[in-house]
Peer 1: 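One structure coming up, written as structure tokens, with questions to follow.
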Amino acid sequence: MTAAPTLRAMPELPEVETVRRMLAAHVPGRRIASAAVSRHRLRTTPLGTLPKQLEGRAFAEPRRTGKFLFLDLDGGVTLLSHLGMSGRWLFAHAGEATLDPDMPHVHLKLDFGDGARLWYQDIRRFGMLRVVPLDRLANDPSVKLLGPDPLVEPPTAESLRASAKGSRVAVKTFLLDQRKLAGIGNIYASEILFRAAVDPRRAAGALTLAEWTRVAPEITTVLGDAVARMGTTFSTYRTIWNEPGQYGDQLLVYDRPGEPCRRCGAEVKRFVQGGRATFWCPSCQRGAGKGRKRAQS
DNA sequence: ATCCTATCCTGTAGGC
DNA sequence: TGCCTACAGGATAGGA
């Protein structure tokens, strides 16, 4: 018996949308009086120039595409933010002592003149933070390749089939491709395919229209339900109030290897695709027929 | 062009 | 008890 490896929460679309909504309730109109950065850098981002780029600017309404946050500021720039694996935006009103001065891994501290504060914490430093002029955002290398956001443009069976045409990668891996759809990560990919009763090993380009017809609404439903519950927390993800998400109770297969399928009672299985864990019920997610094409990753 | 792997990073769990 | 190692996963660069 091999024990299941420890899983880490990673912010996907619902978690990032939760953060966006909470920030939208508190930061628009607030002006950054001072900004301080840690001596560390994030994986892809030096932080040194951030204070000069941020100080004096006021937040507008934050936006989001997929897992990217666009924290728009006045003066025609945006603070482009990706939470990576462990990034958190943490907010405190004036006088609230919820932000511990000794909290580790805080890389950016924004102080508004009135005592309110907004901190960025990122334990593993896989996140991204950079100031980008708005007129160059669409050409930013991280942004320009993003596919449609499923909550903005709900995918249809036809759009998914067209997007996957010719692709030999496994449908699970396909759902994780941010160039095809922006926002699905490892947790919700498994959940979506389970609920759609589609074998995660099937080649994306070989899915039938009937299968895509089951997948498309589950993308919208799963992501929407997760947003309504403020996302899923295993360990690191938190809202701006440092609270965990509540979608974990709704998970049907993710992180349940060896446990009974909630639908049929068969054993939930775990395997690795493209270096990422996939969870599924081989009984509920049988292939569409014998001899159907499977992909390896 | 498409696909695949290694890389980064840290906390935690498991083994001994 | 405590040390050591393996492992989780976002995006991305570079190789096949």
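In the text below, chain A, chain B and the rest are named by the order of the sequence lines, each starting its count at 1.
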Peer 1: Scan nucleotides 12-16 of chain C against the protein and return all N/O pairs shorter than 3.5 Å with their distances rounded to 0.1 Å.
Peer 2:
{"from": "C:dT12", "atom 1": "OP1", "to": "A:Ser142", "atom 2": "OG", "distance (Å)": "2.6"}

Peer 1: Please enumerate all residues that pass side chain to side chain donor-acceptor pair (under 3.5 Å) together with A:Arg43, with sequence neighbours excluded.
Peer 2: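 Here no residue qualifies.
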
Peer 1: Rounded to whole Å, please give me the gap between NZ in A:Lys67 and C1' in C:dG9.
Peer 2: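 In whole Å, C:dG9 C1' lies 9 Å from A:Lys67 NZ.
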
Peer 1: Rounding to an integer number of Å, can you tell me how far A:Leu175 CG sits from C:dG10 C1'?
Peer 2: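 Result: 16 Å.
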
Peer 1: With a 4.5 Å cut-off on side-chain heavy atoms, are A:Gln53 and A:Leu73 touching?
Peer 2: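 No, their side chains stay 4.5 Å or more apart.
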
Peer 1: Nearest whole Å is fine: how far is C:dA8 C1' from A:Ile123 CD1?
Peer 2: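 Distance check: A:Ile123 CD1 to C:dA8 C1' gives 13 Å.
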
Peer 1: Below 4.0 angstrom from OP1 or OP2 of C:dG10, is there any side-chain N or O of A:His82?
Peer 2: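 Answer no for this pair, as no side-chain N or O of A:His82 is under 4.0 Å from OP1 or OP2.
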
Peer 1: Of the nucleotides B:dT10, C:dA11, C:dG9, which one has an atom closest to the side chain of A:Tyr254?
Peer 2: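 Nearest listed nucleotide: C:dG9.
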
Peer 1: Go through C:dA8, B:dC3, C:dG9 for me and flag the one nearest to the A:Met85 side chain.
Peer 2: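 Looking only at heavy atoms from C-beta outward on A:Met85, the closest nucleotide is C:dG9.
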
Peer 1: Please check the phosphate of B:dG11 (OP1 and OP2 only) for any side-chain N or O of A:His105 closer than 4.0 Å.
Peer 2: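 Yes.
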
Peer 1: Let me know the distance between CD of A:Gln121 and P of B:dC9, rounded to the nearest Å.
Peer 2: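 Distance, rounded to whole Å: 17 Å.
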
Peer 1: Using the side-chain hydrogen bond (donor to acceptor under 3.5 Å, both in side chains) rule, take A:Ser142 and A:Arg130 through it: C-alpha gap first, then chi angles, then the decisive distance, then the call.
Peer 2: CA-CA 11 Å; A:Ser142 298; A:Arg130 55 173 187 257; 3.3 Å; yes

Peer 1: A:Arg179: which residues meet the side-chain contact (heavy atoms from CB on, under 4.5 Å) condition with it, sequence neighbours left out?
Peer 2: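 Counting only residues at least two positions away or on another chain, A:Arg179 forms a side-chain contact (heavy atoms from CB on, under 4.5 Å) with A:Leu145, A:Asp177.
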
Peer 1: Determine whether the aromatic ring centres of A:Trp89 and A:Phe59 lie less than 6.0 Å apart.
Peer 2: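 When the ring centroids of A:Trp89 and A:Phe59 are compared, they turn out to be at least 6.0 Å apart.
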
Peer 1: What nucleotide among C:dA8, B:dC3, C:dG10 has an atom nearest to a side-chain atom of A:Arg168?
Peer 2: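 Selected nucleotide (nearest to the side chain): B:dC3.
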
Peer 1: With the threshold set at 4.0 Å, does a side-chain nitrogen-carboxylate oxygen contact exist between A:Glu158 and A:Arg161?
Peer 2: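 Answer for the salt bridge query: no.
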
Peer 1: List for me each residue that meets side-chain contact (heavy atoms from CB on, under 4.5 Å) alongside A:Pro28, sequence neighbours excluded, and say none if there are none.
Peer 2: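 In terms of side-chain contact (heavy atoms from CB on, under 4.5 Å), with neighbours along the sequence ignored, A:Pro28 is linked to A:Glu61, A:Pro62.
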
Peer 1: Residues two or more places apart in sequence or in another chain: which of them pass side chain to side chain donor-acceptor pair (under 3.5 Å) with A:Thr78?
Peer 2: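 With sequence neighbours excluded, A:Thr78 shows a side chain to side chain donor-acceptor pair (under 3.5 Å) to A:Asp72, given in chain and number order.
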
Peer 1: Could you tell me the separation between the CG atom of A:Leu42 and the C1' atom of C:dG10, rounded to a whole number of Å?
Peer 2: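 It works out to 13 Å between those atoms.
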
Peer 1: Quick check on DNA chain B: between A:Ser167 and A:Arg125, whose nearest nucleotide comes earlier from the 5' end?
Peer 2: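 Upstream on the strand: A:Ser167.
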
Peer 1: Distance check needed: C:dA11 P versus A:Leu69 CG, whole Å only.
Peer 2: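 Rounding to the nearest Å, CG of A:Leu69 and P of C:dA11 are 13 Å apart.
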
Peer 1: Can the ring centroids of A:Tyr247 and A:Tyr254 be said to lie less than 6.0 angstrom from one another?
Peer 2: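 That pair fails the under 6.0 Å test.
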
Peer 1: Both conditions, 6.0 Å and 45 degrees, for the charged tip of A:Lys269 above the ring of A:Trp280: are they met here?
Peer 2: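 Relative to the ring axis of A:Trp280, which defines the angle, A:Lys269 lies outside at least one limit.
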
Peer 1: Taking only N and O in the side chain of A:Gln178, is any of them less than 4.0 Å away from OP1 or OP2 of C:dA11?
Peer 2: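 Yes.
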
Peer 1: Give the angle between the helix axes at the two ends of the helix from B:dT2-C:dA16 to B:dC16-C:dG2, taking five base pairs at each end and rounding to 10°.
Peer 2: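 Angle reported: 50°, given to the nearest ten degrees.
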
Peer 1: Mind calculating the distance between CG (A:Asp177) and C1' (B:dA1) to the nearest angstrom?
Peer 2: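 My rounded result for the distance is 13 Å.
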
Peer 1: Rounded to whole Å, how long is the line connecting atom CG of A:Asn186 with atom P of C:dA8?
Peer 2: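 One finds 10 Å between P of C:dA8 and CG of A:Asn186, rounded.
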
